[in-house]
Amino acid sequence: MTTRGFTGRRPGQDTAGRLPPGQYLTQDFPVLSAGPTPRVRTENWTFTLKVGPRPVAKWTWAEFGALPRTRMTRDIHCVTKWSKFDTAWEGVSIDDLLLAAGIAAPMPYTLAHSVDGYSTNVPTADLIGGKAMVALAYDGAPIEADHGGPARLLVPHLYFWKSAKWINGLQFTERDTAGFWELRGYHLYGDPFREQRYSDD
Ligand SMILES: Nc1nc2c(c(=O)[nH]1)N[C@H]1C(S)=C(S)[C@@H](COP(=O)(O)O)O[C@H]1N2
Ligand SMILES: [Mo]
């Protein structure tokens with residue numbers, strides 16, 4: 001009687017149900033950016049919340065840093081097919097951001113904006129209820145510039161292109177408005193478990 005395949009760790013056992021279709025697991029943290037890494041100086045950084053074209057709240061780096069902090073440990077999934085388990089982030093949840101601004105989620109869609117001109121759209125419901133944050137730290141340290149520091153959006157249940165690096169604002173919109181990659185053929189929603197990679201998936 002053979003025990004081959006049952007003595008060691010069975011590959012795939014702890015990834016079952018956790019690894020979306022078409023993805024492979026990596027221990028690395030690849031860097032994927034459409035352009036060069038911008039140098040963001042926190043002295044000049046501000047974060048703006050807009051309802052349509054209208055700014056409704058704005059924070060400096062110091063003010064933003066005084067907002068309540070949340071920790072999230074989540075699996076992340078890049079459309080280029082790598083997934084990384086148990087990534088640990090700390091930042092300000094979108095719930096706390098709205099609370100600090102004194103508003104409830106005002107419109108059904110949101111566009112995240114970044115200092116490099118990048119943008120990405122997410123339904124507002126996918127940002128609230130503890131599902132997303134503006135992350136300021138990764139693995140216990142300030143986020144490295146290549147990974148979006150000083151601040152990046154984290155929406156871990158959608159493909160990682162939705163997690164805008166170098167974020168400097170959220171804009172609520174009435175209609176779902178394609179962002180940088182969505183205009184270039186990526187899916188408007190981007191659920192990794194439904195393999196929503198491209199616009200017609
Ligand atoms: N501002 C900005 N955010 C961005 C990008 C970008 O080019 N600019 N690339 C996106 C893509 S396609 C991915 S997969 C992730 C990669 O994040 P990482 O480099 O930390 O792995 O960031 C996303 N956020
Ligand atoms: Mo990506």
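Remember, it's 1-based here, ligands and their atoms both numbered in the order they're listed. Keep in mind that the numbers below use all heavy atoms, side chains included, and drop hydrogens, waters and symmetry copies. All values derive from a computational prediction rather than experimental measurement. Along the sequence shown, the residues carry numbers beginning at 1.
- Every side-chain contact (heavy atoms from CB on, under 4.5 Å) that Thr42 has, sequence neighbours left out, goes to Trp61, Pro150.
- The existence of a salt bridge linking Glu144 and Arg152 is excluded, since no basic side-chain nitrogen approaches an acidic carboxylate oxygen closer than 4.0 Å.
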Which protein N or O atoms sit under 3.5 Å from any N or O of ligand 1? Give each pair with its distance.
residue  : atom   : partner : partner atom : Å
ligand 1 : 1 (N)  : Ser114  : OG           : 3.3
ligand 1 : 1 (N)  : Asp116  : OD1          : 2.9
ligand 1 : 1 (N)  : Asp116  : OD2          : 3.1
ligand 1 : 1 (N)  : Lys165  : O            : 2.9
ligand 1 : 3 (N)  : Lys165  : N            : 2.8
ligand 1 : 7 (O)  : Ala34   : N            : 2.7
ligand 1 : 8 (N)  : Asp116  : OD2          : 2.9
ligand 1 : 9 (N)  : Leu32   : O            : 3.2
ligand 1 : 17 (O) : Arg152  : NH2          : 3.1
ligand 1 : 19 (O) : Leu32   : N            : 2.9
ligand 1 : 19 (O) : Lys165  : NZ           : 2.6
ligand 1 : 20 (O) : His147  : ND1          : 2.6
ligand 1 : 20 (O) : Arg152  : NH1          : 2.7
ligand 1 : 21 (O) : Pro30   : O            : 2.6
ligand 1 : 22 (O) : Arg152  : NH2          : 3.3
ligand 1 : 24 (N) : Ser163  : O            : 3.2

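- Tyr186 belongs to a hydrophobic cluster whose other members, connected by ILVMFWY side-chain contacts under 4.5 Å either directly or through intermediates, are Val79, Tyr118, Tyr159, Trp161, Phe180, Trp181, Tyr198.
- Within a 6.0 Å radius of CD in Gln27, no more than 12 heavy atoms belonging to other residues, nucleotides or ligands are found.
- Residues satisfying the side-chain contact (heavy atoms from CB on, under 4.5 Å) test with Asp96, not counting sequence neighbours, are Pro68, Thr70, Val92, Ser93, Leu99.
- Note that CD of Glu90 is 7.5 Å distant from CE of Met133, once rounded to the nearest 0.5 Å.
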